[in-house]
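Values in this document were obtained by computation on a predicted structure and should not be read as measured data. Protein chains get the first letters and strands the later ones, always in sequence-line order, with residue 1 at the start of each.
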Protein chains: 2
Amino acid sequence: MAPRPRACSACAVRETALCGVLNTQQLARLNRRSYRRLYPAGQLIAGVAASEDWCATVLSGVIKLSKTLSDGRQQIVALLFPGDFLGRPYRAEFPYTAETATEVQLCCYGRTYFEGFMQERSDLKQIFLERTLDSVDAARDWMLLLGRKTAQEKVAALLLTILQRTSRPCPDCEQGPCRQLIMPLTRTEMADYLGLRLETVSRQLKQLEAIGTIKRLDPRRISVRDVDALAKAASSDSTP
Amino acid sequence: MAPRPRACSACAVRETALCGVLNTQQLARLNRRSYRRLYPAGQLIAGVAASEDWCATVLSGVIKLSKTLSDGRQQIVALLFPGDFLGRPYRAEFPYTAETATEVQLCCYGRTYFEGFMQERSDLKQIFLERTLDSVDAARDWMLLLGRKTAQEKVAALLLTILQRTSRPCPDCEQGPCRQLIMPLTRTEMADYLGLRLETVSRQLKQLEAIGTIKRLDPRRISVRDVDALAKAASSDSTP
DNA sequence: CGGCCGTTTGAGTCACCTCAACCACGGTGG
DNA sequence: CCACCGTGGTTGAGGTGACTCAAACGGCCG
């Protein structure tokens with residue numbers, strides 16, 4: 001459940017994670033206070049009730065952050081991919097529910113220790129700040145989607161996001177406009193992220209397939225025949 | 001258009017703004033490099049095309065940040081009230097459209113100067129970071145509203161937000177459960193913030209009045225008869 | 001084989017949108 | 001002083017995109 005830390009130099013997210021700015025010596029210090037955790041898919045990581053005194057870097061897998069209304073209505077407010085940061089520094093309570101969408105591996109640190117480390121290493125804090133600013137932008141982009149886009153555009157936009165965050169070449173047709181993606185979310189989760197019902201998501205996927213933009217290989221695997229058409233279907237905002 | 005700076009000690013947002021953490025000496029230094037701007041209501045402050053090299057603290061009034069799709073669909077992604085920060089440090093492009101909802105007074109600084117000042121005064125940067133983290137939370141709260149709440153709940157939630165951010169005692173009935181608010185937004189703007197149409201906003205306001213939760217004094221002035229009922233109508237999230 | 005889970009598909013409904021008329025208010029100019 | 005607009009808000013009638021309910025499908029596992 002908590003394997004011993006391994007060398008940061010061999011870390012899968014060495015360049016993309018926050019700690020990418022640290023030199024080897026600083027990295028070694030942080031490493032000594034870090035520990036790994038492995039969660040199966042569909043597991044609660046951090047709730048709201050429990051005050052969370054730790055934070056982490058995602059090494060592998062996908063985490064969903066969600067908020068729930070008292071009557072059960074749920075909204076996924078963010079997805080965390082490898083290299084992303086999980087936690088809420090400077091605050092004991094974590095204001096979301098964090099659950100694994102797939103199997104997830106984390107590199108964890110104590111929250112206050114990490115805060116102290118940021119205080120010392122101002123460049124780390126700087127990167128953290130810039131990432132937080134990016135999170136604001138991402139959340140606001142998604143607000144535009146939730147408030148103003150049609151079901152069709154929402155589903156297309158989600159496919160695009162997944163494609164960008166987990167780019168992998170399509171085994172059939174190397175490079176070119178065709179790409180394959182593996183959806184880390186169930187239909188219900190996709191709906192909870194898009195502010196839709198699962199049936200609507202399913203129907204929109206069918207329609208995107210009907211117009212030739214994508215092809216469903218199986219419920220989880222989707223081949224994007226035409227990335228440009230998908231981007232057009234998503235009305236990727238330009239904010240001119 | 002750009003009155004000379006005045007003493008920070010007499011500033012209306014002295015305690016609530018970012019610069020509240022600075023001591024008088026540091027404040028004086030920042031003050032020397034700041035200048036004020038006054039905008040009438042309904043004015044474009046900062047666009048997307050123009051690279052913005054300045055940022056500011058809101059002294060008075062309300063600013064809306066919005067994003068627009070190429071076909072004109074618009075979503076307001078945030079409202080800025082007195083004491084709030086406007087701008088995007090560490091980036092030349094400002095990713096939103098900023099417009100005044102009411103008359104607005106700003107205290108402006110050069111963007112790179114402000115960045116340098118944050119670098120020196122790490123406690124300023126700290127506060128800025130914590131505010132940015134709060135912005136993420138606020139945006140995600142609104143995502144829940146946009147994705148999962150009904151028109152009725154959305155309108156109620158907006159009234160609550162305005163009430164909280166611009167609390168003023170009701171002239172008729174001092175304290176008690178009754179409060180009055182002055183809506184800084186038009187119906188169209190309310191709709192753009194809530195992901196609705198203006199007609200729907202108008203109808204929901206009527207219905208909230210019909211059930212006795214609010215009373216419309218005139219289009220801009222609303223008396224909240226029962227704040228608890230309004231909070232209930234808004235399904236204020238608990239995330240249990 | 002049988003049950004379960006996630007997904008798909010269909011039919012009917014409804015909350016919100018669209019279109020359109022009307023109203024109240026404030027400014028302008030004859 | 002009043003006729004004339006223009007703007008923002010309200011109200012009504014009708015339409016529709018997404019939801020609701022329900023059934024059937026397919027893969028997986030015991």
Side-chain angles (χ1 to χ4, degrees), chain A residues 40-43 64 69 71-75 99-102 145-159 182-210 214-222 233 235, chain B residues 40-43 64 69 71-75 99-102 145-159 182-210 214-222 233 235:
Chain A
Q43 178 113 340
K64 39 187 186 128
L69 257 19
D71 61 359
R73 280 174 291 173
Q74 194 170 30
Q75 177 68 45
E99 286 168 293
T100 57
T102 65
L145 175 143
L146 290 173
R148 289 304 181 200
K149 292 195 179 178
T150 65
Q152 174 93 242
E153 292 169 324
K154 286 178 174 182
V155 171
L158 175 59
L159 294 182
I182 296 186
M183 176 57 58
L185 307 177
T186 66
R187 295 292 182 264
T188 307
E189 290 167 335
M190 293 173 69
D192 283 347
Y193 195 25
L194 298 172
L196 297 172
R197 306 269 95 182
L198 68 270
E199 298 96 324
T200 306
V201 171
S202 185
R203 280 185 250 269
Q204 294 303 332
L205 284 172
K206 186 184 181 181
Q207 197 167 336
L208 281 173
E209 185 167 32
I214 64 169
K215 178 148 181 52
R216 288 178 290 178
L217 308 176
D218 67 58
R220 292 280 188 161
R221 283 166 58 242
I222 293 174
S235 296
Chain B
Q43 177 113 340
K64 41 186 182 128
L69 258 17
D71 61 359
R73 280 175 290 173
Q74 194 171 32
Q75 176 69 44
E99 287 169 293
T100 59
T102 66
L145 175 143
L146 291 173
R148 289 304 183 200
K149 292 195 178 176
T150 65
Q152 173 94 241
E153 292 169 324
K154 286 178 174 181
V155 171
L158 174 59
L159 294 182
I182 298 186
M183 175 58 56
L185 307 178
T186 67
R187 296 291 182 264
T188 307
E189 291 167 334
M190 294 173 68
D192 282 346
Y193 195 25
L194 298 171
L196 298 172
R197 305 270 97 185
L198 65 275
E199 297 98 325
T200 306
V201 171
S202 186
R203 281 185 248 268
Q204 294 303 332
L205 284 173
K206 187 185 181 182
Q207 195 167 336
L208 282 172
E209 185 167 33
I214 64 169
K215 178 147 182 54
R216 287 177 292 177
L217 308 176
D218 69 57
R220 292 279 189 163
R221 283 166 58 242
I222 293 176
S235 297

Between [X] and [Y], which heavy-atom pair has the shortest distance, and what is it?
{"X": "A:Leu146", "Y": "A:Lys154", "value": "O-NZ, 3.7 Å"}
{"X": "B:Arg73", "Y": "A:Ser235", "value": "NH2-OG, 3.9 Å"}
{"X": "A:Ala101", "Y": "A:Ala41", "value": "O-CB, 3.8 Å"}

- Stepwise side chain to side chain contact (heavy atoms under 4.5 Å, CB included) check, A:Gln75 with B:Leu145: CA-CA 9 Å; A:Gln75 177 68 45; B:Leu145 175 143; over 6 Å; no
Length of the line joining [X]:[atom1] and [N]:[atom2], which is rounded to integer Å:
{"X": "A:Lys154", "N": "D:dC19", "atom1": "NZ", "atom2": "C1'", "value": "12 Å"}
{"X": "A:Gln152", "N": "D:dT16", "atom1": "CD", "atom2": "C1'", "value": "16 Å"}
{"X": "A:Leu198", "N": "D:dA22", "atom1": "CG", "atom2": "P", "value": "16 Å"}
{"X": "A:Arg221", "N": "D:dG27", "atom1": "CZ", "atom2": "C1'", "value": "15 Å"}
{"X": "B:Gln204", "N": "D:dT10", "atom1": "CD", "atom2": "C1'", "value": "14 Å"}

Review item, side-chain donor-acceptor pairs of residues 190-208 of chain A, under 3.5 Å, at least two apart:
{"residue": "A:Asp192", "atom": "OD1", "partner": "B:Arg148", "partner atom": "NH2", "Å": "3.0"}
{"residue": "A:Gln204", "atom": "OE1", "partner": "A:Gln152", "partner atom": "NE2", "Å": "3.4"}

- Query: Would you find a donor on one side and an acceptor on the other, under 3.5 Å apart, between the side chain of A:Thr100 and the backbone of A:Gly42?
  - Reply: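 Confirmed, A:Thr100 side chain pairs with A:Gly42 backbone.
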- Item | DNA chain D contacts made by residues 189-197 of chain A, counting heavy atoms under 4.0 Å |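 By residue number: A:Gly195, A:Leu196, A:Arg197.
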- Message: Between A:Pro219 and A:Arg148, which residue's closest nucleotide on DNA chain C lies nearer the 5′ terminus?
- Response: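 Looking at the nearest nucleotide for each, A:Pro219 comes out on the 5' side.
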- Task: Would you tell me if any nitrogen or oxygen in the side chain of A:Thr200 comes within less than 4.0 Å of OP1 or OP2 on D:dC19?
- Result: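 Affirmative; the distance criterion is met.
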- Sugar-phosphate, base or nothing in reach of B:Arg220, heavy atoms under 4.0 Å: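 Result for B:Arg220 = nothing.
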- Item | Residues that B:Thr186 engages under side-chain contact (heavy atoms from CB on, under 4.5 Å), provided they are two or more places apart |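 Counting only residues at least two positions away or on another chain, B:Thr186 forms a side-chain contact (heavy atoms from CB on, under 4.5 Å) with B:Thr188, B:Glu189, B:Arg220.
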- What is the distance from atom CG of A:Leu159 to atom CD1 of A:Ile222, rounded to the nearest 0.5 Å?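 That separation rounds to 5.0 Å.
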- Query: Just how far is it from atom CG of B:Asp218 to atom CE of B:Met183, taken to the nearest 0.5 Å?
  - Reply: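 Interatomic distance, B:Asp218 CG to B:Met183 CE, rounded to 0.5 Å: 11.5 Å.
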For nucleotides 12-14 of chain D, which of its nitrogen or oxygen atoms have a protein nitrogen or oxygen under 3.5 Å away, and what is each distance?
{"residue": "D:dG12", "atom": "N7", "partner": "B:Arg203", "partner atom": "NH1", "Å": "2.9"}
{"residue": "D:dG12", "atom": "O6", "partner": "B:Arg203", "partner atom": "NH2", "Å": "3.2"}

- Message: Please identify the 5'-most and 3'-most nucleotides of DNA chain C with any atom under 4.0 angstrom from a heavy atom of chain A.
- Response: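 Reading along DNA chain C, I get C:dT7 to C:dA11.
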- Query: Among all residues two or more places apart in sequence or in another chain, which pass the side-chain hydrogen bond (donor to acceptor under 3.5 Å, both in side chains) test with A:Thr150?
  - Reply: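 Here the qualifying residues are A:Glu153.
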- Who passes side-chain hydrogen bond (donor to acceptor under 3.5 Å, both in side chains) against A:Glu99, sequence neighbours left out?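 In terms of side-chain hydrogen bond (donor to acceptor under 3.5 Å, both in side chains), with neighbours along the sequence ignored, A:Glu99 is linked to no residue.
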